[in-house]
Structure formats: structure tokens, C-alpha cells
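Please see the structure below; I have some questions.
Quick caveat, the model's predicted, so the values are computed rather than measured. Along the sequence shown, residues are numbered consecutively beginning with 1.
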Amino acid sequence: MQFGIENLKKILLAVFVLIYTLFEIFESKFKWMKLLKLLNVVKEIPRVVASAPFIDQELDDLSTEEHKELIGFIAERFELDNDKSEEAIEAALMWMVATGNAVEKFKELGVFSKKKKQKSVHVSG
């Protein structure tokens with residue numbers, strides 16, 4: 001199956017928007033509108049998870065021109081024009097690959113099995 005650069009752009013955009021929104025929320029005072037924006041971004045997570053098996057392979061298959069197109073797509077969308085923009089986008093790409101790998105490992109463990117009852121996990125400081 002060919003995942004394609006257009007699908008990769010959509011997934012990278014969802015990841016970048018998630019990172020951007022989280023940063024925006026953490027850097028400012030709490031506002032309900034920002035929380036609502038985050039909820040809109042969170043709804044994209046299932047698409048990222050479903051795409052996980054294809055992301056790493058598709059990134060490996062990108063030509064130099066496609067790689068530049070992917071970087072340019074995000075840089076233009078977020079109006080990034082400094083020298084660090086490519087590094088930030090590369091970091092988001094690495095996060096996508098790491099997320100994809102983590103999802104695959106959790107699947108192998110049966111973590112996402114509907115038959116398996118999940119324990120509640122609480123994170124506290």
C-alpha cells in the first residue's frame with residue numbers, strides 16, 4: 001500500500017498543530033477558548049495512531065524533492081522562515097515516527113485490545 005505524501009502532510013500537520021496548541025496553552029494563562037482549541041486538535045489523534053504503521057516507511061521512501069515539499073508545506077502553513085524551522089519540523093517528523101513505533105509495540109502487547117480491560121492510569125506530581 002502506498003501511503004503517499006499527501007497523507008503524510010495531513011498527519012504531520014495534525015502533529016504540528018497539536019504541538020503548537022499545547023505550547024500555546026502552556027505559555028499563556030488558562031483560557032477556555034484555548035482548551036476548546038485543544039479538544040479540536042485531540043480529535044485528530046486517532047488518525048495519527050491509525051496511520052502509525054505507514055509513517056516510518058513513507059518517510060524512508062521520500063525523495064529529496066518530496067522531503068523539501070513536506071518541510072515547505074509546514075513552514076508555509078505556520079509562516080516559519082527562520083533557520084530553525086527545518087529542525088523543528090524534523091523534530092515533529094521524528095515524533096511521528098516514535099509515536100508510530102510506540103503504537104506498534106503497544107499493539108504487539110495487546111494494550112489496545114477491546115477484550116482486555118484497561119486499568120485507569122493517574123498521573124500526578
Side-chain angles (χ1 to χ4, degrees):
M1 176 187 166
Q2 184 73 14
F3 187 67
I5 190 169
E6 293 306 316
N7 283 325
L8 199 56
K9 283 179 184 179
K10 290 175 187 174
I11 298 305
L12 181 57
L13 180 61
V15 168
F16 215 88
V17 168
L18 177 62
I19 293 168
Y20 184 85
T21 304
L22 288 172
F23 179 78
E24 191 177 48
I25 288 170
F26 293 134
E27 288 295 309
S28 63
K29 293 180 181 176
F30 178 81
K31 295 180 183 166
W32 284 106
M33 290 305 292
K34 295 201 185 226
L35 185 59
L36 292 174
K37 183 178 179 182
L38 180 61
L39 292 175
N40 283 331
V41 172
V42 168
K43 72 180 181 184
E44 295 296 323
I45 291 175
R47 186 165 50 130
V48 174
V49 170
S51 302
F54 310 107
I55 292 171
D56 199 20
Q57 181 63 42
E58 187 62 34
L59 287 172
D60 287 344
D61 291 342
L62 287 179
S63 67
T64 303
E65 294 79 26
E66 289 173 322
H67 187 264
K68 287 179 184 176
E69 180 182 341
L70 193 59
I71 299 293
F73 171 76
I74 294 297
E76 181 180 319
R77 196 74 179 245
F78 287 88
E79 299 175 355
L80 306 173
D81 35 314
N82 64 36
D83 295 336
K84 299 287 185 184
S85 64
E86 187 169 349
E87 291 177 25
I89 296 166
E90 290 288 345
L93 287 168
M94 289 188 290
W95 192 40
M96 283 173 39
V97 171
T99 300
N101 290 335
V103 167
E104 287 304 306
K105 296 299 179 192
F106 278 105
K107 281 182 180 177
E108 290 172 13
L109 292 172
V111 171
F112 300 129
S113 171
K114 291 182 181 184
K115 294 178 185 175
K116 186 176 183 178
K117 184 176 179 175
Q118 300 298 316
K119 291 181 180 180
S120 294
V121 178
H122 300 282
V123 179
S124 60

task: Kindly indicate whether the side chain of I89, heavy atoms from C-beta on, has any atom under 4.5 Å from the side chain of L12.
output: yes

Distance col, row I11:CD1 vs L70:CG, nearest 0.5 angstrom, shows 11.5 Å

Test item: side-chain donor near acceptor, H67 and E86, under 3.5 Å:
no

Sequence neighbours excluded, the answer for side-chain contact (heavy atoms from CB on, under 4.5 Å) partners of E69 is I5, E6, K9

The side-chain contact (heavy atoms from CB on, under 4.5 Å) partners of T64 (sequence neighbours excluded) come to K68

Between the NZ atom in K107 and the CG atom in L109, the distance rounded to the nearest 0.5 Å is 12.5 Å

Taken in chain and number order and not counting sequence neighbours, the residues that satisfy ring pair (Phe, Tyr, Trp, His ring centres under 6.0 Å) with F16 are F78

Tightest non-hydrogen contact, residues L8 and L62, listed as CD2-CD1, 3.9 Å

Scanning both residues in full, the closest heavy-atom pair of A92 with V15 reads O-CG1, 4.1 Å

